[in-house]
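Lettering of chains follows the sequences in order, A, B, ..., and the numbering in each one begins at 1. Note: hydrogens, waters and symmetry copies are ignored here, and every other heavy atom, side chains too, is used.
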Amino acid sequence: MKKLIKKIIILGAKKAFQKGLLKADIFPNMNIEQPRHDAHGDLSTNFAMISAGVQKMPPRKIAEIVISCINDSNGIIKKIEIAGPGFINFFLKDQAWYPFLKKIHDQNKNFGSLDYGKGEKVLIEFVSANPTGPLHVGHGRGAVVGDTVGNILAFAGFDVQKEYYINDSGQQIKTLGISVWIRFLQSLGHDIELPKDCYQGNYINDIALELNKKMGVELAKLITKNKAEVEKDKKDGILICAKYAAEKILKNIKHDLTCFGVKFNNWFSEQSMYDSGLVMETIEKFKKKNIIYEKDKAWWFKTKNLGDEKDRVVIKKNSLTTYFASDIAYHLEKFTRGFDRVIDVWGADHHGYIKRINACLDASGIKTNKFDVILIQLVNLLRDGEPVAMSTRAGEFVTLKNIIDEVGSDAARFIFLSRSFDSSLDFDLKVAKQKTNENPVYYVQYVHARIAGIMAKALSCGINSDVYSDSNLDVSSLKELEEIKLIKILTMFPEIIKKSAETLNPHVIFTYLMTLASAFHGYYNKHKVITEDKDLTLARLCLVFAVKKVIGNSLFLFGVSAPDSM
RNA sequence: GCGCUUGUAGCUCAGCUGGAUAGAGCAACGGACUUCUAAUCCGUAGGUCACAGGUUCGAAUCCUGUCAAGCGUACCA
């Protein structure tokens with residue numbers, strides 16, 4: 001609709017120029033928007049105001065001229081007004097909106113999908129939690145945002161791959177091994193303390209006990225008399241524990257994510273880049289280019305003159321690589337795999353890393369605008385307004401699995417999307433379980449269920465949905481204000497998808513869903529769909545079925561179910 | 001110190017690539033079920049958009065500065 005109005009204005013302006021009424025045939029990029037107030041029409045443009053400069057005329061005068069030259073060949077315009085400083089307000093006939101219902105029914109599950117992405121290959125990496133412990137709330141938010149952004153981009157015409165980066169290498173895995181090893185020794189009755197820098201959670205105990213049961217005898221053979229040796233990472237026992245624990249925990253992570261409806265196309269192992277030599281190859285390449293240099297017996301990446309505050313170490317004095325080293329290799333590898341765009345989802349506390357990743361892309365000749373980071377702010381886990389005690393040190397925390405089991409996947413996902421990712425989020429377990437207005441998921445799902453109820457009743461009256469979703473149906477009996485308003489909101493859906501894809505922010509769709517749901521509930525309370533009037537009934541069924549489809553398409557992107565009854 | 005993010009109703013937040021009278025929900029108060037699901041709706045009330053300047057026809061939105069909160073600024077991962 002906006003496109004159509006834009007075209008009408010441009011044609012009008014061109015005609016005005018040909019007639020000599022306008023001085024220039026330069027037409028700046030105008031905005032067409034739906035005004036907040038009904039008194040300002042259905043659609044409004046600032047065309048006259050932004051043209052004041054090039055036309056060297058007052059905005060209201062330009063508006064007058066353009067309007068006089070406008071040709072409404074489709075017969076959709078009821079009235080045009082000039083308002084305020086020079087807005088041109090369009091009041092449209094009801095019939096202008098009707099074709100969109102047909103479009104929604106025809107396109108069905110594809111309504112809202114775009115070719116905006118033009119098949120560009122996008123890799124979105126998210127969660128990527130270390131396999132050293134269970135997922136918690138923060139991971140949950142990242143998981144849902146990443147998964148949903150991926151869905152939205154795919155819907156908007158990108159070729160999307162979702163990936164999980166497994167940090168299965170380095171210090172934290174060794175620490176994991178030591179933690180399990182010591183718990184194992186404790187389970188055999190050895191008098192030994194678990195060091196403070198080890199993982200304290202109960203799940204470590206569980207793994208140790210499991211190991212004891214499965215291969216306790218073989219493991220026990222690896223114990224040496226010297227307790228001081230315990231923490232040396234070369235110990236076979238520790239290596240076995242590390243490998244077993246990491247695999248076990250990763251398996252649980254995968255399971256939890258599956259329960260949460262989060263699917264990945266690929267699981268990428270950090271260790272695999274060491275095994276294949278890719279990390280060292282990458283470092284050598286940069287050494288040759290003098291971008292990695294030696295200082296103080298360590299090797300540094302020149303990130304400072306590429307926007308970072310200082311250079312960063314990639315190989316430490318002790319000749320071990322840093323996390324950054326494999327990260328460089330990984331991010332470059334993403335591009336060599338052929339992706340046009342790379343998106344990472346990180347916790348906001350990692351924001352300092354953006355500059356250094358950008359620096360290494362820059363040094364490799366990759367445009368940094370091909371790389372986006374979605375920074376997710378904190379989640380505060382509450383129960384009835386009170387913070388839930390979360391002590392990682394003591395190993396006491398509510399896991400993501402606990403939350404899903406308690407409140408359900410739908411409620412959890414929807415709440416994670418209920419705030420823009422750049423503001424912190426209060427996740428209240430009590431509210432998430434409540435079936436009230438405070439809990440937005442039911443508000444939206446209820447729309448879907450209510451419409452399903454109406455359609456079921458229609459069917460029992462012998463009215464099949466084929467009848468009212470038919471392209472040739474006459475919907476001209478839709479005259480109520482609420483009905484036209486609903487169609488207007490429905491027509492916005494593709495723009496909402498575009499905006500969401502542009503900003504990589506699902507929250508745009510969340511806000512839209514709330515608006516649509518609110519408009520529907522208002523309509524539902526005021527007007528009956530199924531009435532004695534056959535034509536009106538069919539037209540209204542056509543309308544609410546279209547609402548149901550748009551709600552369904554949105555919830556599908558969110559990974560939230562759209563129930564037919566509640 | 002420097003950098004990033006945030007500051008909007010009593011509370012939780014939208015609105016931010018400049019537009020007309022700044023919007024929801026919760027909490028408060030008053031109403032609506034003989035009906036297609038009341039997990040809903042309607043109404044009332046609630047504001048120095050942190051503060052001060054600047055840019056212009058026009059600023060919650062852009063720029064600068066100040067204040068406040070969170071985070072970051074490792075040869076940690």
Side-chain angles (χ1 to χ4, degrees), chain A residues 29 31 33 35-37 39-40 44-46 49-50 52-53 58-60 83-87 89 130 132 167 169-175 197 270 295-300 307-310 312-324 326-327 347-355 375 377-378 382 385 418-420 422-426 428 431 434-447 449-458 460-461 499 502-503 507-508 510-511 514-515 517-518 520-531 537 540-541 544 565-566:
Chain A
N29 199 13
N31 276 334
E33 54 170 29
R36 266 199 291 270
H37 306 282
H40 296 147
S44 173
T45 179
N46 60 351
M49 281 134 76
I50 57 163
R60 293 189 69 108
F87 287 103
N89 296 336
N130 295 343
T132 54
N167 296 122
S169 163
Q171 186 56 43
Q172 79 275 13
I173 294 296
K174 284 175 200 159
T175 306
D197 57 357
E270 179 186 12
K295 192 183 90 182
D296 300 335
K297 293 182 184 164
W299 291 84
W300 301 69
D308 202 358
E309 285 108 43
K310 53 179 283 194
R312 306 288 174 178
V313 170
V314 285
I315 303 177
K316 296 184 268 188
K317 206 185 284 181
N318 64 8
S319 81
L320 293 174
T321 53
T322 63
Y323 178 84
F324 181 45
S326 46
D327 239 19
D349 52 341
H350 286 77
H351 69 77
Y353 280 76
I354 297 176
K355 282 180 181 170
L375 284 180
Q377 290 291 334
L378 277 185
L382 309 172
S418 71
R419 299 272 176 270
S420 183
D422 50 19
S423 37
S424 64
L425 167 72
D426 289 340
D428 194 309
V431 173
Q434 277 171 4
K435 295 175 173 180
T436 67
N437 217 345
E438 235 177 310
N439 192 354
V441 68
Y442 297 108
Y443 190 74
V444 175
Q445 286 183 321
Y446 193 37
V447 173
R450 271 184 152 172
I451 296 172
I454 295 170
M455 289 172 59
K457 182 171 176 188
S460 74
C461 300
K499 192 176 177 193
E502 275 170 355
T503 57
H507 185 257
V508 178
F510 178 89
T511 311
M514 296 305 281
T515 306
S518 167
F520 173 78
H521 286 311
Y523 175 62
Y524 180 93
N525 273 274
K526 195 164 171 186
H527 302 288
K528 296 270 301 176
V529 172
I530 297 171
T531 62
T537 299
R540 286 186 171 171
L541 282 168
V544 298
S565 72
M566 289 170 69

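- For A/K528, the side-chain atoms get nearest to B/rU35 when compared with the rest of B/rU35, B/rC75, B/rU73.
- The listed nucleotides are B/rA39, B/rC41, B/rC75; the one nearest the side chain of A/Y443 is B/rC41.
- Inspection of the A/D422 and A/S420 side chains reveals an N or O donor paired with an N or O acceptor under 3.5 Å.
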How does protein reach along nucleotides 11-23 of chain B, written 5' to 3' as B (base within reach of a heavy atom under 4.0 Å), S (only sugar-phosphate), or - (no contact)? -SSS-S--BBB-S
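- Nearest nucleotide to the A/Y524 side chain, out of B/rG3, B/rA38, B/rU73: B/rA38.
- Side-chain contact, A/S44 with A/E33: no donor N or O sits under 3.5 Å from an acceptor N or O.
- The side chain of A/K526 contributes no N or O atom lying less than 4.0 Å from OP1 or OP2 of B/rU40.
- Taking a pair as Watson-Crick or G-U wobble with both distances under 3.5 Å, the runs of three or more consecutive pairs in RNA chain B are B:1-7 with B:67-73, B:10-13 with B:23-26, B:28-32 with B:40-44, B:50-54 with B:62-66.
- You'll find that the side chain of A/K457 is closest to B/rC36, out of B/rC36, B/rC41, B/rA39.
- Taking only side-chain atoms of A/R450, from C-beta outward, the nucleotide of B/rU73, B/rC36, B/rU40 with the closest atom is B/rU40.
- For A/H351 against B/rC71, a side-chain N or O and a base N or O form a donor-acceptor pair under 3.5 Å.
- Checked against side-chain contact (heavy atoms from CB on, under 4.5 Å), A/K316 has the following partners two or more places apart in sequence or in another chain: A/V313, A/N318, A/L320, A/T322.
- Taking atom P on both B/rA9 and B/rC49, the two are 10 Å apart, rounded to the nearest angstrom.
- Nearest to the side chain of A/D296, among B/rG3, B/rC75, B/rA74, sits B/rC75.
- Proximity of A/Y523 to the phosphate of B/rU40: no side-chain N or O atom is located under 4.0 Å from OP1 or OP2.
- In this structure, A/H40 and A/H37 have perpendicular ring planes: the angle between them is above 60°, well past the 30° mark.
- Contact between A/F510 and A/P440 at its shortest, heavy atoms only, is CZ-CB, 3.9 Å.
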